[in-house]
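Report on one structure; see the data block that follows.
Chain letters run A, B, ... following the sequence lines, proteins first and then strands; every chain starts at 1.
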2 protein chains.
Amino acid sequence: MSGGSTPIRLLLADDQALVRGALAALLSLEEDLTVVAEVGRGDEVVPEARRSAPDVALLDVEMPGLDGIAATAALRAALPTCRVLVVTTFGRPGYLRRAMEAGASGFVVKDTPARQLADAVRRVHAGLRVVDPTLAAETLAAGVSPLTERETEVLRTARGGGSVADLARALHLSEGTVRNHLSAAIGKTGARNRADAIRVAEQNGWLLGE
Amino acid sequence: MSGGSTPIRLLLADDQALVRGALAALLSLEEDLTVVAEVGRGDEVVPEARRSAPDVALLDVEMPGLDGIAATAALRAALPTCRVLVVTTFGRPGYLRRAMEAGASGFVVKDTPARQLADAVRRVHAGLRVVDPTLAAETLAAGVSPLTERETEVLRTARGGGSVADLARALHLSEGTVRNHLSAAIGKTGARNRADAIRVAEQNGWLLGE
DNA sequence: TCCCGGCCGTGACATTTGTCAGGGGCCAGG
DNA sequence: CCTGGCCCCTGACAAATGTCACGGCCGGGA
């Protein structure tokens, strides 16, 4: 409820132009909201925010240049008064955790009804936290990543789909070491394959970082 | 360009409620367009279309229940006068081909600027075809799937991530046969791994069918 | 008719992948 | 200081995956 005061200024970041524009249309229907900027890449968020001074930024997680989590952190550092609402396709448990750690005020999946989005924005702007309850539960259940730093790194590199020899070369490790890290990751994820392990880790958002 | 006549009736199908609602908002801004139905599953398209009699249906490809391609075919069979515009996240070359074969009139990726969507809808309604030109080129380049029926089936099953023994049991084949089909698929896709082959095939839209 | 080419199915073989036991470095607690 | 725990690294071994050559089946030309 705006109360007739100046509207809440919004920045939208999503790599899909159509979705971005559609969200802008949706939010512009609200009297108390106004979209002041749109970007399609994570690394454009901070520069554009500096120029347009939004009150709330809606960031997608999957973006070229810089993922939404990293963009959140960068934006919080650059403009501490600007709140962040992460809006993402995938309800990966780890995403939520990482987003909150990075300083986001809210986390919404694209499955949520359209009518709730505007309210989420208002709540975030008011300083409240907005989190999908079922997703929060999952996050608790999934817990923090059990993978060690090296294991994550190897797994992340393995996503590209090379042989052990390739990975060893890329990471400057012995093949045996790579195999061992992979084996450990497989064990910890409960998978039986390298491919499986990658999928599980990805679904839990354990492969995000740099 | 409505000309004051009755507006074009639209049906929206997308599994992400937020995107669906946002698209509705975007399209409702146009004088000559009206959204008469929204569904979140592929198998709800035909029943809902029967009830609401849309002129144009905007279908996502990735949907639960029935994928957008199959939904296109079903809709064309049930209501031949209703045109179909496929709106999808991924510009997989094979998707376009399959969509057109299934009777779609247009194919748009979610990367396209929001302003063009309404025009695409109007063109489709007017009986024209709408296709992303760069994507069309890719489709030509990628060509039709080189995979044989069995190979596709094996690869599709392998997506779940089981061992050769699992696949053999699921498909009632010898392990050697499964290995052979996989090997052939790996060769044809130019991959060096099973996982790689799956990715390539998926990216080209070769794993769609039933 | 016969032959040719493609697809399917199969087993033996080489290669890759995953497991295991173990050594070295580092840090926190006793 | 020593000790225990954790992580990183490595090589040898077992298990899985991928390659190959082969035979049967079917349909479309010579």
Would you tabulate the pairs of protein nitrogen or oxygen atoms and nucleotide nitrogen or oxygen atoms of nucleotides 20-29 of chain D closer than 3.5 angstrom?
residue: dC20(D); atom: N4; partner: Asn180(B); partner atom: OD1; Å: 3.4

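- A 4.5 Å side-chain heavy-atom check between Val45(B) and Leu66(B) finds every atom pair outside the cut-off.
- Taken residue by residue, residues 161-170 of chain B places no heavy atom nearer than 4.0 Å to DNA chain C.
- Ranked by how close their nearest DNA chain C nucleotide is to the 5' end, Ser174(B) and Asn193(A) are led by Ser174(B).
- By the salt bridge (charged side-chain N to carboxylate O under 4.0 Å, His left out) test, Asp196(B) is found to be paired with Arg199(B), residues two or more places apart in sequence or in another chain being considered.
- For residues 80-89 of chain A, the set of pairs meeting the side-chain hydrogen bond (donor to acceptor under 3.5 Å, both in side chains) definition, not counting sequence neighbours, comprises Glu62(A)-Thr88(A).
- Ile198(B) places its CD1 atom 11 Å from the P atom of dT17(D), with the value rounded to the nearest Å.
- Residues satisfying the side-chain contact (heavy atoms from CB on, under 4.5 Å) test with Ala184(A), not counting sequence neighbours, are Glu151(A).
- With sequence neighbours left out, Glu30(B) forms a side-chain contact (heavy atoms from CB on, under 4.5 Å) with Asp32(B), Leu33(B), Ala118(B), Arg122(B).
- With sequence neighbours excluded, no residue satisfies side-chain hydrogen bond (donor to acceptor under 3.5 Å, both in side chains) with Arg50(B).
- In the helix from dT1(C)-dA30(D) to dG30(C)-dC1(D), the rotation axis of the first five pairs and that of the last five pairs differ in direction by 10°, rounded to 10 degrees.
- For Glu175(B), the salt bridge (charged side-chain N to carboxylate O under 4.0 Å, His left out) criterion is met by Arg179(B), not counting sequence neighbours.
- Thr148(A) comes within 4.0 angstrom of the backbone, heavy atoms only, and of no base.
- Within 4.0 Å of Arg192(B), counting heavy atoms only, lies no atom of the nucleic acid at all.
- Counting 5' to 3', DNA chain C first comes under 4.0 angstrom of a heavy atom of chain B and last does so at the ends given by dC7(C) to dG11(C).
- Residues satisfying the side-chain hydrogen bond (donor to acceptor under 3.5 Å, both in side chains) test with Arg159(A), not counting sequence neighbours, are Glu202(A).
- In this structure, CG on Leu11(A) lies 11.0 Å from CG on Asp55(A), to the nearest 0.5 angstrom.
- Ion pairing between a basic and an acidic side chain is recognised when a charged N comes within 4.0 Å of a carboxylate O; Asp14(A) and Arg41(A) show no such pairing.
- Atom CG in Asp196(A) sits roughly 15 Å away from atom P in dA16(D) (whole-Å rounding).
- Scanning for salt bridge (charged side-chain N to carboxylate O under 4.0 Å, His left out) contacts around Arg9(A) gives an empty result, with sequence neighbours left out.
- For the atom pair Thr177(B) OG1 and Leu167(B) CG, the distance stands at 12.0 Å (nearest 0.5 Å).
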